Amino acid sequence: VMFEKYAVTIKIEATAMIEMIKTALVPACAHDLKTYEGTGLGGDRAALYKALEAAGSNLESVAAAMPHDGDEAEEAHYCSEKIVPAMAAARKICDQVEGIMEKGIYPFPTYAEILYGHH
């Protein structure tokens with residue numbers, strides 16, 4: 001039961017992360033890039049945003065490859081060994097994106113807003 005609960009939880013979290021990257025972050029990245037179009041500014045945004053898109057695609061592929069043969073221990077181990085590291089890699093890039101994207105474009109509350117927004 002614990003293996004099954006763990007695997008289901010990780011799969012839900014991975015699915016949510018994939019959706020957030022594909023439907024909110026990548027479009028926001030495109031919008032942010034347009035802000036800098038033709039200015040010679042923007043630094044390494046384009047490369048970072050491509051890395052985010054690639055990390056999202058990788059996570060989607062890894063999550064889709066999860067075994068579904070009924071072996072709950074195998075599924076839990078797959079989550080631990082494959083999905084969680086892919087999520088961590090994507091999260092690292094998401095944190096970098098949050099740090100450089102224009103505040104008004106970033107589609108989610110920042111850590112600071114979550115922690116200190118009530119003051």
Side-chain angles (χ1 to χ4, degrees):
V1 172
M2 290 174 54
F3 285 135
E4 178 184 18
K5 181 176 168 95
Y6 175 75
V8 167
T9 299
I10 295 301
K11 184 68 173 179
I12 290 169
E13 290 177 6
T15 300
M17 181 179 255
I18 292 162
E19 183 176 327
M20 292 170 76
I21 290 170
K22 289 174 68 174
T23 65
L25 280 172
V26 170
C29 290
H31 183 79
D32 190 49
L33 282 177
K34 283 186 182 269
T35 303
Y36 294 93
E37 199 171 84
T39 67
L41 301 173
D44 294 331
R45 276 176 162 72
L48 180 61
Y49 295 168
K50 282 199 167 290
L52 174 64
E53 186 175 38
S57 293
N58 179 60
L59 176 57
E60 189 170 25
S61 296
V62 169
M66 183 173 159
H68 297 287
D69 60 5
D71 184 343
E72 293 169 355
E74 180 184 355
E75 291 175 11
H77 286 289
Y78 183 87
C79 286
S80 176
E81 295 167 4
K82 303 290 185 185
I83 296 177
V84 170
M87 289 173 64
R91 182 73 236 179
K92 183 177 179 182
I93 298 169
C94 289
D95 290 345
Q96 292 172 327
V97 167
E98 179 183 332
I100 67 165
M101 187 177 284
E102 180 186 336
K103 184 178 180 174
I105 296 172
Y106 193 74
F108 307 113
T110 64
Y111 289 133
E113 290 169 341
I114 292 169
L115 293 174
Y116 308 112
H118 63 282
H119 292 166

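All of these numbers come straight from a predicted model, not from anything done at the bench.
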Please tabulate, for the side chains in residues 64-71, all donor-acceptor contacts under 3.5 angstrom to protein atoms that are two or more places apart in sequence or on a different chain.
residue : atom : partner : partner atom : Å
His68   : NE2  : Met66   : O            : 3.1
Asp69   : OD1  : Asp71   : N            : 3.1
Asp71   : OD1  : Ala73   : N            : 3.2
Asp71   : OD1  : Glu74   : N            : 3.2

Can you give each donor-acceptor pair under 3.5 Å made by side-chain atoms of residues 35-44, sequence neighbours left out, with the distance rounded to 0.1 Å?
residue : atom : partner : partner atom : Å
Thr35   : OG1  : His31   : O            : 3.4
Thr35   : OG1  : Asp32   : O            : 3.4
Tyr36   : OH   : Arg45   : NH2          : 3.2
Thr39   : OG1  : Tyr36   : O            : 2.6
Thr39   : OG1  : Leu41   : N            : 3.0

Check whether any side-chain heavy atom of Ile83 lies under 4.5 Å from a side-chain heavy atom of Leu59, and answer yes or no. yes
Is there side-chain contact between Met101 and Tyr49, with at least one heavy-atom pair below 4.5 Å? yes
Can you list the residues that meet the salt bridge (Lys or Arg N to Asp or Glu O under 4.0 Å) rule with Glu102, with sequence neighbours excluded? none
Smallest separation among heavy atoms of Pro109 and Ile114, with atom names: CB-CG1, 3.8 Å
Kindly compute the distance separating OG (Ser61) from NZ (Lys82), expressed to the nearest 0.5 Å. 13.0 Å
Would you compute the distance between atom CD1 of Ile93 and atom CD1 of Ile21 and round it to the nearest 0.5 angstrom? 8.0 Å
Are Ser80 and His77 packed together at the side-chain level, in the sense that at least one heavy-atom pair is separated by less than 4.5 angstrom? no
Enumerate the residue pairs fulfilling salt bridge (charged side-chain N to carboxylate O under 4.0 Å, His left out) with a member in residues 46-63, sequence neighbours excluded, ordered by first and then second residue. Lys22-Glu60
Using modelled atom types and a 3.5 Å cut-off, is there a donor and acceptor pairing between side-chain atoms of Tyr106 and backbone atoms of Ala28? no
Using 0.5 Å steps for rounding, measure from the CG atom of Leu52 to the CG atom of Leu25. 5.5 Å
Do Phe3 and Glu75 come close enough that some side-chain heavy atom pair is under 4.5 Å? no
Can you give each donor-acceptor pair under 3.5 Å made by side-chain atoms of residues 7-16, sequence neighbours left out, with the distance rounded to 0.1 Å?
residue : atom : partner : partner atom : Å
Thr9    : OG1  : Lys5    : O            : 2.8
Lys11   : NZ   : Ala63   : O            : 3.0
Thr15   : OG1  : Lys11   : O            : 2.8

dist Ile18:CD1 -> Asn58:CG (nearest 0.5 Å) comes out at 9.5 Å
Would you list the pairs meeting salt bridge (charged side-chain N to carboxylate O under 4.0 Å, His left out) in which at least one residue belongs to residues 103-113, sequence neighbours left out? Lys103-Glu113
